[in-house]
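When reading the values below, keep in mind they use all heavy atoms of this one structure, side chains included, and skip hydrogens, waters and symmetry mates. In what follows, chains carry the letters A, B, and so on, assigned in the order in which the sequence lines appear, proteins first and then strands, with residues in each chain numbered from 1.
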Protein chains: 2
Amino acid sequence: MQKQYSIRELADEFDVTTRTLRFYEEKGLLSPLRTNQMRSYTSADRTRLRLILRGKRLGLSLEESSKIILMYDQRASNDEQLQALVAKIREKRQQLAEQQKDLELMLLDLRDAEERCLDALSNNQNEDVA
Amino acid sequence: MQKQYSIRELADEFDVTTRTLRFYEEKGLLSPLRTNQMRSYTSADRTRLRLILRGKRLGLSLEESSKIILMYDQRASNDEQLQALVAKIREKRQQLAEQQKDLELMLLDLRDAEERCLDALSNNQNEDVA
DNA sequence: CTTTACGTTTACGTTAACGTAAGCTATGTG
DNA sequence: CACATAGCTTACGTTAACGTAAACGTAAAG
């Protein structure tokens, strides 16, 4: 017997609005059970929501996240479909690897900018002393 | 004497539309020179464009990218402003570090998914043989 | 000299991802 | 019992980031 979550519980836990949860459902990203009309979220829904929000933080659209989630829980299909899926997964991994590079570059730039700021500050110190 | 770029050259180089470049200008992200009404982009504009697009790939809004760019080329101001800037830079670096974690998690999940696919494929092989 | 190509401005259209509000129902609570 | 709380549906509103189209200028090419 798994725990079920009300829409408010889930919304509070992940810091989103109930509107957002209903919207994700409308878009087919979540599919909570219904207990006399009220939505009842399972731990599977929680997991999916976590993945969706992680995708958002990485700049993915809901549709992209949706596709990636489908890759995670592939329904064991035939060889052809499996191979196509592997190809998709590899492509996405490739994209993410590129994104990793972008991220590191931006971090380097920011490290640089910070250093220059600190240099400027210590220079101002020296001027004050001189 | 630096090379100047027409709007089309820049658009083609970065694979964006001219509309996009004009839009970025309208938003204050670019400010090309004008040679008898025509836009003339310098290498500084190119750099800014590179940064904007890198930001986009990381899921940043144009406004966020704009702010980050301002951090890069800080006009040496007074100590107070410099310290505020350092704080901003550190905050952004922190955010990016979190994003790095998210990215690695997603990569791990995809590695996992790929492996499961490959397992399923080799299982199908065995069944065929048996 | 007209066509073609590239540039300009102005302005309305579009999509994603929700926000917001109205109006209804069911369930406790003083 | 009144009413506050939480949920539901339906539907219109909003913002970012461009797309698309009209209407015009200019310069090289046939």
Can you find a side chain N or O atom of [X] that sits less than 4.0 Å from OP1 or OP2 on [N]?
X	N	answer
A:Arg39	D:dG7	no
B:Ser6	C:dG7	yes
A:Lys56	C:dA16	no

Euclidean distance, atom [atom1] of residue [X] to atom [atom2] of [N] [Å, nearest integer]:
X	N	atom1	atom2	value
A:Leu29	C:dC18	CG	C1'	13 Å
B:Leu21	C:dC6	CG	C1'	14 Å
B:Ile52	D:dA17	CD1	P	11 Å
A:Glu64	C:dT15	CD	P	18 Å
A:Lys27	C:dA17	NZ	P	8 Å
A:Leu30	C:dA17	CG	P	14 Å
A:Met38	C:dC24	CE	P	20 Å
A:Phe23	C:dA17	CZ	C1'	5 Å

_A:Glu114 side chain to A:Asp109 backbone, donor-acceptor under 3.5 Å_ =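 No; judged by distance alone, with no hydrogens or angles, the pair does not exist.
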Return yes if some donor-acceptor pair links the side-chain N/O of B:Arg48 with the main-chain N/O of B:Ile69 below 3.5 Å, else return no.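 No.
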| query | Salt-bridged, A:Glu13 to A:Arg46, with N to O below 4.0 Å? | reply |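 Answer for the salt bridge query: yes.
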Before accepting this row, confirm whether a basic side-chain N of the pair B:Arg39/B:Glu25 lies closer than 4.0 Å to the acidic partner's carboxylate O.
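Judged by the 4.0 Å cut-off on N to carboxylate O distance, B:Arg39 and B:Glu25 do form a salt bridge.
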Closest approach to the side chain of [X], judged atom by atom: which nucleotide of [options] is it?
X	options	result
B:Arg19	D:dA17, D:dG19, C:dG7	D:dG19
A:Thr20	C:dT8, D:dC18, C:dG19	C:dG19
A:Arg22	C:dA17, D:dC8, D:dC18	D:dC8

- Which of these passes side chain to side chain contact (heavy atoms under 4.5 Å, CB included) with A:Ser40: A:Ile7, A:Thr35, A:Asp45?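 Exactly one pass, corresponding to A:Thr35.
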Notebook entry, point to check: Mapping B:Arg34 and A:Tyr24 onto DNA chain C by nearest heavy atom, which one lands closer to the 5' end?
Noted result: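 It is B:Arg34 whose nearest nucleotide is closer to the 5' end.
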Next item on the list: Mind checking B:Thr17 for me? I need base, sugar-phosphate or nothing, with any heavy atom below 4.0 Å counting as a touch.
Entry: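 Sugar-phosphate contact only.
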